[in-house]
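For the numbers below, each heavy atom of this structure counts, side chains included, while hydrogens, waters and symmetry mates do not.
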Amino acid sequence: MSTSPSTTISPSTTTTPSTAGPTSASAADSGAPVVRPLTTRDAERLIDAAVRAAEGIEVRGSVSVLDAGGHLLGFRRDDAAVLISGETSTRKAFTALQLDAPTADLVELVRPDGLFHTLPTALDRPLLFLAGGVPLHRDGRLIGAIGFGGGAPDQDHQIVLSAIAEAGLE
């Protein structure tokens, strides 16, 4: 096994690891721009901004940030928040990520006469159609989602919008 920074794939092909972050061969081959994924630093900025926004309107709750794969990248629950706010913040973020839409925009679609009325029970991982979840984009590409739970739905939605704006994400 070689200890050099290069990895030999075949006698005639050598690649050098990149420090610029993950890229896909298809993106590199097509000339499409590589979009930087959501980072833990981004998640920390979003969480801190959400906490400030929530404190500003005296709401105690939880905030969850998911990466593009739906994995928890960051989470914080206020000491005075109801315990269920942790679950609701994560489900709101997951719902926004899966449908690439703010959960506030989806509430009407799951009513009994709505287009997605069966969607809340169609998946193994439950979706939550309450305002407070918003997808995150960078350069027009979906990179994750943020959710807040603990206040009234309109408050939760405003908290995540404030956090996204302060963190400089779409």
Side-chain angles (χ1 to χ4, degrees), residues 17-82 84-110 116 125-170:
S18 170
T19 57
T23 61
S24 69
S26 61
D29 293 341
S30 71
V34 176
V35 176
R36 188 173 55 88
L38 194 65
T39 65
T40 54
R41 184 177 222 69
D42 293 328
E44 290 167 0
R45 284 194 343 255
L46 285 161
I47 290 169
D48 290 341
V51 167
R52 281 190 292 280
E55 287 173 347
I57 59 173
E58 298 182 5
V59 171
R60 303 293 172 243
S62 298
V63 58
S64 299
V65 177
L66 306 180
D67 67 13
H71 304 285
L72 191 62
L73 195 58
F75 173 83
R76 188 174 309 156
R77 184 179 66 81
D78 186 279
D79 293 336
V82 295
I84 198 169
S85 68
E87 183 69 21
T88 61
S89 70
T90 304
R91 285 190 187 187
K92 289 176 185 184
F94 184 74
T95 303
L97 178 69
Q98 292 301 307
L99 298 173
D100 194 7
T103 54
D105 295 351
L106 303 170
V107 174
E108 295 297 319
L109 296 174
V110 295
F116 294 155
R125 186 168 175 189
L127 302 175
L128 185 58
F129 293 90
L130 292 174
V134 175
L136 300 168
H137 298 89
R138 182 174 283 133
D139 298 327
R141 304 264 313 265
L142 182 65
I143 59 168
I146 182 173
F148 191 92
D154 289 344
Q155 292 172 316
D156 294 351
H157 185 68
Q158 188 54 51
I159 289 165
V160 295
L161 291 180
S162 294
I164 293 167
E166 186 179 319
L169 291 167
E170 301 173 38

> Any donor and acceptor pair, going by atom type alone, linking the side chain of T103 with main-chain N or O of G132 inside 3.5 Å?
yes

> For P37 versus D42, what's the shortest heavy-atom pair and its separation?
O-OD2, 3.9 Å

> For D78, which residues count as a side chain to side chain donor-acceptor pair (under 3.5 Å) partner, sequence neighbours excluded?
none

> Is there side-chain contact between I143 and R36, with heavy atoms separated by less than 4.5 Å?
no

> Is there a donor-acceptor pair under 3.5 Å between the side chain of R138 and the backbone N or O of V35?
no

> Could you check T88 against L130 for side-chain contact (heavy atoms from CB on, under 4.5 Å), going step by step and ending with a plain yes or no?
CA-CA 9 Å; T88 61; L130 292 174; 5.7 Å; no

> Taking side chain to side chain donor-acceptor pair (under 3.5 Å) as the definition, give me every residue that meets it alongside D79, ordered by chain and number, with sequence neighbours left out.
none

> Write down the atom of R45, the atom of A167, and the distance for their closest heavy-atom approach.
NH2-O, 2.9 Å

> Closest approach of V63 and A50, non-hydrogen atoms and distance?
CG2-CB, 3.8 Å

> Suppose we screen for side chain to side chain donor-acceptor pair (under 3.5 Å). Which residues come up paired with E44, at least two apart in sequence or across chains?
none

> Tabulate below the donor-acceptor pairs under 3.5 Å that side-chain atoms of residues 145-155 make, not counting sequence neighbours, or state none.
| residue | atom | partner | partner atom | Å |
| --- | --- | --- | --- | --- |
| Q155 | OE1 | A152 | N | 2.8 |

> What pairs of residues pass the side-chain hydrogen bond (donor to acceptor under 3.5 Å, both in side chains) test when at least one of them lies in residues 59-74, not counting sequence neighbours?
S62-S85, S64-S89, S64-T90

> Between Q158 and I57, is there a side-chain heavy-atom distance shorter than 4.5 Å?
no

> Tell me the closest heavy-atom pair linking V107 and F129, and the distance in Å.
CG2-O, 3.4 Å

> What salt bridge (Lys or Arg N to Asp or Glu O under 4.0 Å) pairs are there with at least one residue in residues 48-58, not counting sequence neighbours?
D48-R76, R52-E166

